[in-house]
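Residue numbers count from 1 along this sequence.
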Amino acid sequence: MRFAAIALVLVSLFAAVAQQKQKQKKPPDVEVLETKARREDARIALDGKVRVTGEKPLKGLVMVFDFRSPEKEVVTTQKTVIAEDTLETGREGVYHVEMADAARAVRYTVRAFDFHEKELRVSNTGPFPIE
């Protein structure tokens with residue numbers, strides 16, 4: 001009887017902690033709406049669209065692309081500036097960039113930073129194929 005009471009208290013405690021963690025999870029700051037990469041000559045052309053979805057405005061937006069090998073290891077990392085000014089929630093940004101080709105890269109994932117080099121939470125990070 002005593003063991004059952006202790007077990008019940010522990011289960012209740014773990015459930016409360018799990019519920020607290022779910023409440024603390026913040027929404028993403030940036031959402032990747034579209035992204036596409038294709039090889040052209042000795043370059044990788046990237047096109048895409050992102051939306052600011054965070055609670056606070058962003059002070060600039062830098063997108064970082066991690067190009068990955070078939071073994072899923074990062075071959076190279078390259079970045080582009082989407083906006084230098086402050087971006088309000090709901091605002092969209094587009095990118096059309098050409099980056100140096102990495103021979104073994106077959107996929108890429110996306111990260112984002114503000115101009116103060118603070119890493120932002122991003123939804124829909126990939127991996128995306130390179131066509």
Side-chain angles (χ1 to χ4, degrees):
M1 184 76 167
R2 190 177 201 175
F3 177 74
I6 293 172
L8 182 62
V9 168
L10 288 175
V11 168
S12 298
L13 181 62
F14 286 126
V17 169
Q19 187 176 22
Q20 183 74 15
K21 284 186 178 183
Q22 285 180 347
K23 287 182 181 179
Q24 291 176 350
K25 188 175 182 182
K26 294 183 178 182
D29 298 309
V30 177
E31 178 184 7
V32 177
L33 300 174
E34 300 172 16
T35 186
K36 185 176 184 179
R38 64 193 173 286
R39 283 195 161 86
E40 295 179 351
D41 300 321
R43 300 243 175 237
I44 296 177
L46 282 159
D47 300 309
K49 185 189 314 185
V50 295
R51 178 184 303 140
V52 177
T53 57
E55 299 168 350
K56 298 179 182 178
L58 300 179
K59 294 178 176 83
L61 180 58
V62 178
M63 299 302 294
V64 177
F65 304 95
D66 294 319
F67 293 95
R68 298 179 178 273
S69 69
E71 297 82 25
K72 300 179 183 176
E73 295 178 10
V74 175
V75 176
T76 185
T77 298
Q78 299 182 44
K79 64 183 177 178
T80 188
V81 175
I82 303 296
E84 295 181 9
D85 55 340
T86 300
L87 297 170
E88 299 295 328
T89 299
R91 183 154 173 214
E92 294 182 359
V94 296
Y95 55 89
H96 305 285
V97 294
E98 288 187 356
M99 299 189 166
D101 191 2
R104 293 191 32 81
V106 294
R107 290 181 173 68
Y108 64 101
T109 54
V110 181
R111 295 182 291 144
F113 292 84
D114 67 8
F115 266 28
H116 299 290
E117 297 183 5
K118 176 188 169 213
E119 187 161 9
L120 304 171
R121 293 178 302 277
V122 181
S123 67
N124 194 19
T125 60
F128 304 103
I130 300 173
E131 299 174 358

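Side chain of T53 to main chain of P28: a donor-acceptor pair is present (N/O by atom type, distance under 3.5 Å, no hydrogens or angles). Checked by atom type and distance alone, the side chain of D114 pairs as donor or acceptor with a backbone atom of H116 at under 3.5 Å. E31 contributes no side-chain N or O that, together with a main-chain N or O of V122, makes up a donor-acceptor pair within less than 3.5 Å. Judged purely by atom type and a 3.5 angstrom limit, N124 uses its side chain to pair as donor or acceptor with the backbone of V32. T89 places a side-chain N or O within donor-acceptor distance of the main-chain N or O of G54, the cut-off being under 3.5 Å.
Checked against the 6.0 Å centroid criterion, the rings of F65 and Y95 qualify as a close aromatic pair.
Annotation for R121: atom CZ counts as buried by contact number, over 12 foreign heavy atoms lying within 6.0 Å.
For R104 and E71, the salt-bridge test passes: some basic side-chain N is under 4.0 Å from an acidic carboxylate O. We find that K36 and E131 are joined by a salt bridge, their nearest charged nitrogen and carboxylate oxygen being less than 4.0 Å apart. Salt bridge D47/R38: present, at least one basic N to carboxylate O contact under 4.0 Å.
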Trace of the side chain to side chain contact (heavy atoms under 4.5 Å, CB included) decision for E119 with R111 = CA-CA 8 Å; E119 187 161 9; R111 295 182 291 144; 3.7 Å; yes

Mind running side chain to side chain contact (heavy atoms under 4.5 Å, CB included) on E40 and E98 for me, showing each step along the way?
-> CA-CA 9 Å; E40 295 179 351; E98 288 187 356; 3.9 Å; yes

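One hydrophobic cluster holds both M99 and F128 under the rule that ILVMFWY side chains link at heavy-atom gaps under 4.5 Å. F115 and V50 fall into different hydrophobic clusters, where Ile, Leu, Val, Met, Phe, Trp and Tyr side chains are chained together by heavy-atom contacts under 4.5 Å.
When V106, T76, T109, D101 are each tested for a side-chain contact (heavy atoms from CB on, under 4.5 Å) with F67, only one passes: T76. The side-chain contact (heavy atoms from CB on, under 4.5 Å) test with M63 is passed by exactly one of L120, L46, I82: I82.
Separating the CG atom in L58 from the NZ atom in K118 is a distance of 8.0 Å, to the nearest 0.5 Å.
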